[in-house]
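In what follows, chains are A, B, ... by sequence order, proteins preceding strands, each numbered from 1.
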There are 2 protein chains.
Amino acid sequence: MTTRSDAPTRREQILKEAARLFAERGFHGVGVDEIGAAVGISGPGLYRHFAGKDAMLAELLVGISGQLLTGAKRRLAEADGGGPEAVLDSLIEGHIDFALDDRPLITLHDRELDRLRDSDRKMVRQLQRQYVELWVGVVREAHPELGEPAARSAVHSVFGLLNSTPHLGRGGSLPGRGATAELLHRMARGAFAAAGG
Amino acid sequence: MTTRSDAPTRREQILKEAARLFAERGFHGVGVDEIGAAVGISGPGLYRHFAGKDAMLAELLVGISGQLLTGAKRRLAEADGGGPEAVLDSLIEGHIDFALDDRPLITLHDRELDRLRDSDRKMVRQLQRQYVELWVGVVREAHPELGEPAARSAVHSVFGLLNSTPHLGRGGSLPGRGATAELLHRMARGAFAAAGG
DNA sequence: CCTTCAGGTTAACGACCGCTAACCTCGCTG
DNA sequence: CAGCGAGGTTAGCGGTCGTTAACCTGAAGG
């Protein structure tokens, strides 16, 4: 809602570069001067846009978790009626799109959560939990033989599988985006199917 | 070879606690005073055992990569003759054991690699690459329909799946170690099977 | 034209961190 | 028992980092 297709706002530039740097070198491994330099301003100029370094990370993580949950809810509403298999496919597709298009964010999302202030961390965890529970519900509909703990473990494991995309790009010889997405999708479905006896 | 079943040596204590702390808060997020305090000595006392903080991380990462590769080679030699399916099962089992028993190390292994000196990083990457290629070979024997790039991507993704164990333990309601290992094993096999058409 | 204000700048402060220096204290061992 | 080395200790140095303070500038608006 706040983002139109205009030129990206300064805040958005900063967030994007901060995400990349945090993902590459870790939150504590990046200085504010580097973040500033990445957007062409220097160091303390960032404080005209954010209250501090922590605030950047918080906005990134809350944003990621919210986007994932919102997208999942939308897909659940849209694809319903096609049966749980279709809904699960849509969830998988959405998560893969996110993992392929925003690799730094996916990396941050399960790596730097503990660097947040208590209130922010609580919010992010709540969003993440809702996202997981949404998946668990759909997975159990598509695979009724799975108990709830097994389904939840399976969901976390498939997230690990789908979030492995940052490790795929190191050498340049990977297949195209479409082929990668298809491969990941098939593997996720196979993993869920095999999770039951 | 250097470790007998005696009481752990001071160096080993330090490495273990450092691994836990690095995994929890990131390499740059942990101070040497904290590592010292975790083993009952304080701060600079660590320098009687290690050249510096970097050296601890280096020894951890090289050790992990070496252990994984050595174990995989041994399992390849032992389980051969039982066919590629049996070898693959053994590799999966070994990786799961490692992921379940040494969660902090598994976390560090793909998170703090970039904090190493060039020479150490090169060595770790070489060990990791050998480990991956060993898997790729076995996977392609067990699933001949997979091309090499697809097989390599599939291996990385299954690593992501198996390495998701740190995310499973947050709530205490997960099933026992054996059940978790079985679930992960089935999912890994299912993912590989589904990677081909 | 004067004011205002968003969005920059540089200087500098205080805290922290990795590491070294200097010193102490045991338990061996010749 | 003298000596010594392994393994600690505390004090402190030098550098870095996040943040603030003080100042500057150019564009918008009455």
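- Nucleotides of DNA chain D with any atom under 4.0 Å from a heavy atom of chain A span, from 5' to 3', D:dG18 to D:dC23.
- A side chain to side chain donor-acceptor pair (under 3.5 Å) check over residues 185-197 of chain A, counting only residues at least two apart or in different chains, returns the pairs A:Glu85-A:Arg189, A:Asp89-A:His185, A:Asp89-A:Arg189.
- In this structure, NZ in A:Lys122 is found 11.5 Å from CZ in A:Arg129, a value given to the nearest 0.5 Å.
- Take B:Arg48 and apply the salt bridge (Lys or Arg N to Asp or Glu O under 4.0 Å) test, not counting sequence neighbours, and it matches no residue.
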### Task
Report the C-alpha separation of B:His109 and B:Leu68 in whole Å, then their side-chain angles, then the decisive distance to 0.1 Å, and conclude whether the side-chain contact (heavy atoms from CB on, under 4.5 Å) test is met.
CA-CA 11 Å; B:His109 166 263; B:Leu68 277 174; 4.1 Å; yes
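- Among residues two or more places apart in sequence or in another chain, the ring pair (Phe, Tyr, Trp, His ring centres under 6.0 Å) test is passed with B:Phe159 by B:His95, B:Tyr131, B:Trp135.
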### Task
Sugar-phosphate atoms are those with a prime plus P, OP1 and OP2; base atoms are the rest. Using that split, label each nucleotide of nucleotides 5-10 of chain C B, S or - for protein heavy atoms under 4.0 Å, 5' to 3'.
--BBBB
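- Within the structure, ring pair (Phe, Tyr, Trp, His ring centres under 6.0 Å) pairs that include any residue of residues 43-74 of chain A do not occur (at least two apart or interchain).
- Residues passing the side chain to side chain donor-acceptor pair (under 3.5 Å) test with B:Ser90 are B:Arg75, sequence neighbours excluded.
- Not counting sequence neighbours, the partners of B:Asp101 by the salt bridge (Lys or Arg N to Asp or Glu O under 4.0 Å) test are B:Arg177.
- Residues satisfying the side chain to side chain contact (heavy atoms under 4.5 Å, CB included) test with A:Ala188, not counting sequence neighbours, are A:Ile92, A:Val158, A:Leu162.
- Using a 4.0 Å heavy-atom cutoff across all strands shown, B:Val30 reaches sugar-phosphate atoms only and no base atom.
- Near DNA chain D, defined here as any heavy-atom distance below 4.0 Å, there are no residues from residues 116-124 of chain B.
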### Message
Set out, in order, the CA-CA distance, both residues' side-chain angles and the distance that settles side-chain contact (heavy atoms from CB on, under 4.5 Å) for B:Met56 and B:Leu46, then state yes or no.
### Response
CA-CA 10 Å; B:Met56 299 180 209; B:Leu46 296 170; 3.8 Å; yes
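- Taking five base pairs at each end of the helix from C:dC1-D:dG30 to C:dG30-D:dC1, the local helix axes there meet at an angle of 10°, rounded to 10°.
- What separates CD1 of B:Ile35 from P of C:dG18 is a distance of 8 Å, to the nearest Å.
- Atom NZ in A:Lys53 sits about 14 Å away from atom C1' in C:dA15, given to the nearest Å.
- Between B:Ser65 and B:Leu127, the shortest heavy-atom contact is CB-CB, 3.6 Å.
- By the side chain to side chain donor-acceptor pair (under 3.5 Å) test, B:Asp120 is found to be paired with B:Arg117, residues two or more places apart in sequence or in another chain being considered.
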#### Entry: From CA spacing to verdict: side-chain contact (heavy atoms from CB on, under 4.5 Å), A:Leu113, A:Asp110
CA-CA 6 Å; A:Leu113 180 60; A:Asp110 64 13; over 6 Å; no
